[in-house]
Amino acid sequence: MSAVTIIRSKTEQAILALFAKHKDQLQGQGSFGSQRAKAFASFEQTGLPHRRIEAWHYTDLRSLLREAPPLAAKPASHVVQRAAEKNWSTDQIDATRLMLVNGFYDESISSFTMPQGVKVTDVYKALSDPSSKNFHDHIGQATQSSDPLIELNTAFMNGGVVIEIASGTKLDKPLELRCLVEGIDPVSMHARILVIAGDDTEFTLIESHQGPDALSYQVNNVVELFLGNNAHVHHVRLNQSGNYAVDLSTLAAVVGAETSFNTFHMVNKPGIARHQVFVKMQGEGAHLSVNGVNMLNGTQHADTTLAIDHAAPACTSRELFKTILDAQATGVFQGKIMVKQIAQKTDGKMMSQAVLLSDDAKMNNKPELEIFADDVVCGHGATCGALDEDLLFYLMARGLPKAEAEALMLAAFAGEAIETVENEDLRAILEAVVGDWLGQRAHHVE
Amino acid sequence: MLEIKNLHVAIEDKKILNGLTLTVNDGEVAAIMGPNGSGKSTLSYVIAGKPDYDILDGEILLNGVNVLDMEAHERAAAGLFLAFQYPLEIPGVTTMTFLKSAMNAQRKSRGEDELPVAEFMKRVKAASDRLGIAQDMLRRGLNVGFSGGEKKRMEILQMALLEPQFCILDETDSGLDIDALKIVSEGVNVLRDSKRSFLVITHYQRLLNYFVPDTVHVMAHGQVVKTGGKELALELEASGYADYKTLAA
């Protein structure tokens, strides 16, 4: 019997070479080394996901990823200095800040003190420190699936941050995780972020991403969130990665009983993006809200993939995603609600709406329900279309030039999803990002 | 002054207006009446600049300038206003935001500065009070969940604030009860002056009791087939349109 020969793409070969080169230098050789090897072996089996894998049908990474840039190294001090001087859309928000540069946590440019009840650990250190028990106990536990992005992240992970929030902690200021890519050469990075929050916690976590334009760098971050019981957590991810960037991200969350978790995601810049949200509703009576706005132009490709697992009774989930597509952009929305047999009284609603502004833009909507309980209310919907011509005429007949009329309608379209963000200042920032995007678009149209 | 000369218009190869000619002088209120399908609403859309129509021939001159060369928003800035038969709902855009955007867009295209916020608020308050529009309605999405009467009042509010020179009212009376009709008519009456003209499209004479026209035109088969004074409207109410349906054919 002859062995099956796996045909590998150039990029896959390069990823294999990268792992061979780095595996002995990455942090956490002893205890963590075998986890890495296992994760990489799993990746080696499957290779990069491609269109014949259902979950990746519309985002064929094997053809989209043309190269595998070298792994980012821990940034030198002059890079960190430059990183400290960056402006961010969120600058006006009074927040406790944690800074990641090229995937590595840097304490020196993060907030000097953490609020009471918040403990921050550098993943770079935790990897080779067996006493970082919470890190080793939790890593990989928020997700059970063998997702190729998570496997790659586990194999290459060398940095990131663990945020522990003690039970009963209520933060009056948001925590902001700023992920910056800084440099002139393309690199790839696989940061891991763990948020471990106890019972009765209340906090807002902002995740901001930015990096240089015209640089084809690759990010594959994984955020694992462990939320205890009766917690109230808001999470906003603002993806302003560079225009040539490939930004892959996974948010895996486990939600406790009576906890409400609201996560919002916005993409407006990166060339290729996929945001995966895997949530397990593990405690009774939890409430989940997953929302987002993607604004795409040029040849951008952005994918939002959700898998909501109702694994306990009487949980509610709401998902609302808005996609605006212009030029030759491609949007993907895949949303799956799974209701386990035990999860009676589940109430789930999912909606994806897209506006196509050009004949060449493309939207792929794939909502799915998988229900094993009999006493549930679940629904999903997807719409896709051009702007309403009659409405456009109505606005123009009142004196608004076409570009301005379109901008007003699109801002309102995106606004419906932004309204799900509770923090007023954050809403204003997100609205401003939409406004800027629409302004630039109007400029092109004129 | 608005002059429509020999206007021929089709939509998807179907001819709607067949050489329509009409003049409305400054300060004049002209009513257009006519049976269903005579082209009244098409006329209003074509004047306002709706893009779905093929203009085969003719001119529409506003103070001597052919508006057919302009886009809808340019016509609005030049002083044309269409009060829609079915005002559209815009979820997510509050009436206040909409009013401000529209007023400032028109001012900008006329080379004027934006209206200071205090002045804007003052004007909105005065005009909405006159039309019996509650302030909380202005903070809701434009026309979203409004009744037919509220939507029509909203159109007149926009008309009052935008101060157009030429107003078209496309079946503004449809769907209004008698009280709403009075409020709307009063709202329009106060806007009458020697410079501002109106083209009032209606099926019924009822509106014209409250908003009295100077001239009445009867439209059939895409043409004006008869012109008279306000008494013509009363005649039509008595005799119906039967005579006119065959007249132009």
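In the text below, chain A, chain B and the rest are named by the order of the sequence lines, each starting its count at 1.
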- request: May I ask you to decide whether Glu119(B) forms a salt bridge with Arg123(B), counting only side-chain N to carboxylate O separations under 4.0 Å?
  value: yes
message: For His275(A) and Asn294(A), which I'm curious about, is there any donor-acceptor pair between the side chains at under 3.5 Å?
response: no
message: Which atoms of Glu416(A) are under 4.5 Å from chain B, going by heavy atoms: the side chain, the backbone, both sets, or neither?
response: neither
- line: Ranked by heavy-atom pairs below 4.5 Å to chain A, first place among Lys50(B), Gln106(B), Lys108(B) goes to Lys50(B)
query: Looking at Arg398(A), Glu419(A), Met396(A), Glu389(A), which has the largest count of heavy-atom pairs under 4.5 Å with chain B?
result: Arg398(A)
- request: May I ask you to name which of Ala414(A), Ala405(A), Pro401(A), Ala412(A) has the most heavy-atom pairs under 4.5 Å with chain B?
  value: Pro401(A)
Non-hydrogen atoms of chain A under 4.5 Å away: do they reach the side chain of [X], the backbone, both or neither?
| X | answer |
| --- | --- |
| Ser109(B) | neither |
| Glu89(B) | backbone |
| Leu142(B) | side chain |

- prompt: Do Arg107(B) side-chain atoms and Glu114(B) backbone N/O form a donor-acceptor pair below 3.5 Å?
  reply: no
- request: Look at atom NZ of Lys366(A) and say whether more than 12 heavy atoms of other residues, nucleotides or ligands are closer to it than 6.0 Å.
  value: yes
field: Side-chain heavy atoms of Asn239(A) within contact of Asn268(A), under 4.5 Å
entry: no
message: Counting C-beta onward and ignoring hydrogens, is there a side-chain heavy-atom pair between Glu3(B) and Met1(B) closer than 4.5 Å?
response: yes
